[in-house]
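Note sheet for the following structure.
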Amino acid sequence: MKKDKEVVMAAVQNHGFALQYASKEMKKDKEVVMVAVQNHGTALQYASEEMKRDKGVVMAAVQRDGG
């Protein structure tokens with residue numbers, strides 16, 4: 001179930017930290033990661049390394065939690 005994008009999206013919309021329980025594939029999915037970090041910027045720590053280097057994702061996380 002953690003690979004089902006619809007389920008993961010619903011989870012991270014409600015609680016960004018749910019990203020930590022997502023599959024590796026979902027942690028690489030920019031749409032999923034963006035929703036998570038827009039909910040809780042510090043959820044970025046659970047994203048894939050590729051997403052942690054994505055300027056747009058990082059900026060969304062910083063805008064959410066300040067910095």
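What you see is a predicted model; the values in this text were computed from it and never measured.
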* To do: Of all the heavy-atom pairs spanning V35 and Q13, show the shortest one and how long it is.
  => CG1-CG, 3.3 Å
* Structure fact -> Here the pair of heavy atoms bringing K27 nearest to L19 is CE-O, 3.2 Å
* Structure fact -> Smallest heavy-atom separation, A43 atom then A36 atom, equals CB-O, 4.0 Å
* **Polar side-chain atom of K52 near backbone of Q45 as donor-acceptor pair, under 3.5 Å** => yes
* Any idea how F17 and Y46 line up, ring-wise: parallel (<30°), tilted (30 to 60°), or perpendicular (>60°)? -> perpendicular
* May I have the step-by-step check of side chain to side chain contact (heavy atoms under 4.5 Å, CB included) for V12 and N39, ending in yes or no? => CA-CA 7 Å; V12 298; N39 186 283; over 6 Å; no
* Asked: Does any N or O in the side chain of D29 come within less than 3.5 Å of the main-chain N or O of E25, such that one atom is a donor and the other an acceptor?
  -> no
* **Shortest non-hydrogen contact between A61 and G41, atoms and distance** => CB-O, 3.4 Å
* Do you know the tightest heavy-atom contact between Q38 and A60? -> CG-CB, 4.2 Å
* To do: Answer yes if V37 and M59 sit in the same cluster of Ile, Leu, Val, Met, Phe, Trp and Tyr residues linked by side chain heavy atoms under 4.5 Å apart, and no otherwise.
  => no
* To do: Measure across K5 and M26 and return the closest heavy-atom pair with its distance rounded to 0.1 Å.
  => CA-SD, 3.7 Å
* Please step through side-chain hydrogen bond (donor to acceptor under 3.5 Å, both in side chains) for the pair S48 and E50, ending with a clear verdict. => CA-CA 5 Å; S48 71; E50 178 183 349; 5.0 Å; no
